[in-house]
Student: 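There's a structure below that I have some questions on.
Chain A is the first sequence line, chain B the second, and so forth, proteins listed ahead of strands; every chain is numbered from 1. What you are looking at is a predicted structure, and each value in this text was computed from that prediction instead of being measured.
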Protein chains: 2
Amino acid sequence: MKKFISTPVIRRLPRYCRFLADLQKNGVTRISSRELSQKMGLTASQIRQDLNCFGGFGQQGYGYNVAGLRDEITGILGIGRQYKLVIIGAGNLGHALAAHMPFEQLGFSLVGIFDKKASVAGQLVRGLPVRPMETLDEFCNIARPDAAALCIPTRAAPEICAQLSRLGVKAVWNFTHYDVGMNHPELVCERVHLNDSLMTLCYMMNNPE
Amino acid sequence: MKKFISTPVIRRLPRYCRFLADLQKNGVTRISSRELSQKMGLTASQIRQDLNCFGGFGQQGYGYNVAGLRDEITGILGIGRQYKLVIIGAGNLGHALAAHMPFEQLGFSLVGIFDKKASVAGQLVRGLPVRPMETLDEFCNIARPDAAALCIPTRAAPEICAQLSRLGVKAVWNFTHYDVGMNHPELVCERVHLNDSLMTLCYMMNNPE
């Protein structure tokens, strides 16, 4: 039943989700692929193609049911699963993610925050105490987190990834420069390339239009 | 002389830069497109095609000169321009970026950090004092920053973007959910979609393989 879906289509799904949530918030109940395409800056035919990958949810002459389409896409993304996530590293970045990411809306539930610095242990972040790294094994054996956000220096990543993998963690949200995919093919990994993003901005400034 | 370069190619340029810098660090002076492709997880023909967009820097039977290729790509990206950047918002995210981003290597020089909270004014971040938002106009009139990183709540973004645009700032590195492109077409904008990234991780966990 499942078929191969290309990475660019997958990467657009969260955008659909976002736009559909906005529409719902504004009381819009249905939308044509033309209107949706204008809002999203895609072509109508691209939207129809994208959504056809999942069976197509539109009706000729009616368009898409906003709530229905959103439900379908969040289902495909697996948002309802609420995977358990830990944050490794309670520095500024770990803190920022803990404080500001709407994890539940994105398919995750934040269950723990860890840091190796003794001075931050016990500090409350989003209602959760920062736990010492030495307690990660015990915590994982009990809480069984599915995923970990790596907010640590790159040099610390190899050891932590090996530990997480051993503890049954299945996925990593990687903010370091460590190549998790290459070294731990057993871990699902999504990497956030802030450096690449800033270089892209530089390119756009250097090559306007 | 300049020709149209597609967005996917542009988005791969920072990756080339990263891999070439690593090679240089390890003393590698030349590399074939085949080797480079294996390291980067692309096909050799894709690499040749990408680099052909910029005139092609390889020689038949020799491959690419690592230092030369890196120089060419950093030149295309405009890294050497060292655009002046300010960070707006000195919360955890602004702090994390100020402390950890290797701005100079990415084409930028960090010249100022601003926050509206009086309690953080004067605090030193990466050797720079956090400045009060009220002084942004005066600062920009003197220092003439080219770009701004938006590390503020989304609700504050419309006003700040209008102000930045008025002050002659040309580009925005956008961490908020405000649609800068739609509202300020005069600003170059690169947006970091952490929410989309986390939803993509959720999809990959929900759809392994």
Student: Check this for me: Lys170(A), atom NZ, are more than 12 non-hydrogen atoms of other residues, nucleotides or ligands nearer than 6.0 Å?
Tutor: yes
Student: I need the Leu187(A) CG to Met205(B) CE distance, nearest 0.5 Å.
Tutor: 10.0 Å
Student: Measure distances from Met204(B) to the heavy atoms of chain A and classify the residue's part below 4.5 Å as side chain, backbone, both or neither.
Tutor: both
Student: Strictly by modelled atom types, are Arg81(A) and Asn206(B) linked by a side-chain donor-acceptor pair under 3.5 Å?
Tutor: yes
Student: Over all heavy atoms of both residues, which pair between Trp173(B) and Leu194(A) is shortest? Give the atoms and the distance, please.
Tutor: CZ2-O, 3.5 Å
Student: Do the non-hydrogen side-chain atoms of Leu13(B) and Met199(A) ever get within less than 4.5 Å of each other?
Tutor: no
Student: Looking at Arg166(B), I want to see if its CZ is surrounded by more than 12 non-hydrogen atoms of other residues, nucleotides or ligands under 6.0 Å.
Tutor: yes
Student: Can you name the closest pair of heavy atoms from Gly78(A) and Cys202(B) and give their distance?
Tutor: O-SG, 3.4 Å
Student: Between Glu190(A) and Thr200(B), do the side chains contain an N or O donor and an N or O acceptor separated by less than 3.5 Å?
Tutor: no
Student: Pick one of side chain, backbone, both or neither for His193(A), based on which atoms fall under 4.5 Å of a heavy atom in chain B.
Tutor: side chain
Student: Whether the side chain of Asp196(A) engages the backbone of Arg12(B) through a donor-acceptor N/O pair (distance < 3.5 Å, no angle test) should be reported.
Tutor: no
Student: Taking atom OG1 of Thr74(A) and atom OH of Tyr203(B), what is their separation to the nearest 0.5 Å?
Tutor: 14.0 Å
Student: Sort Phe175(A) into side chain, backbone, both or neither according to what part of it lies under 4.5 angstrom from a heavy atom of chain B.
Tutor: side chain
Student: Would you mind telling me which of Val192(B), Leu93(B), Asn195(B) has the largest number of heavy-atom pairs within less than 4.5 Å of chain A?
Tutor: Asn195(B)
Student: Against chain B, label Asp146(A) side chain, backbone, both or neither, depending on which of its atoms sit under 4.5 Å from a heavy atom there.
Tutor: both
Student: Apply side-chain contact (heavy atoms from CB on, under 4.5 Å) to residues Leu201(A) and Val188(B) and explain how you reach the verdict.
Tutor: CA-CA 8 Å; Leu201(A) 182 67; Val188(B) 169; 3.9 Å; yes
Student: Flag yes if more than 12 heavy atoms outside Gln46(A) fall under 6.0 Å of its CD atom; otherwise flag no.
Tutor: yes
Student: Between chain A and each of Leu97(B), Leu106(B), Ile10(B), count heavy-atom pairs under 4.5 Å; write down the option with the most.
Tutor: Leu106(B)
Student: Could you tell me which portion of Arg18(A) (side chain, backbone, both or neither) has an atom closer than 4.5 angstrom to a non-hydrogen atom of chain B?
Tutor: side chain
Student: If I measure from the heavy atoms of chain B, does Cys189(A) come under 4.5 Å with its side chain, its backbone, both, or neither?
Tutor: backbone
Student: Could you tell me which residues satisfy side chain to side chain contact (heavy atoms under 4.5 Å, CB included) with Ala90(B), sequence neighbours excluded, listed by chain and number?
Tutor: Ile113(B), Asp115(B), Val130(B)
Student: Counting only heavy atoms from other residues, nucleotides and ligands, does the tally under 6.0 Å from CZ of Arg11(A) exceed 12?
Tutor: no
Student: For each of Ser197(A), Ala96(A), Gly107(A), tally heavy-atom pairs with chain B at distances under 4.5 Å, and name the one with the top tally.
Tutor: Ser197(A)
Student: Are more than 12 heavy atoms, taken from residues, nucleotides or ligands other than Arg34(A), located less than 6.0 Å from that residue's CZ atom?
Tutor: no
Student: Based on non-hydrogen pairs under 4.5 Å, which of Pro102(B), Gly91(B), Ala99(B) is most in contact with chain A?
Tutor: Pro102(B)
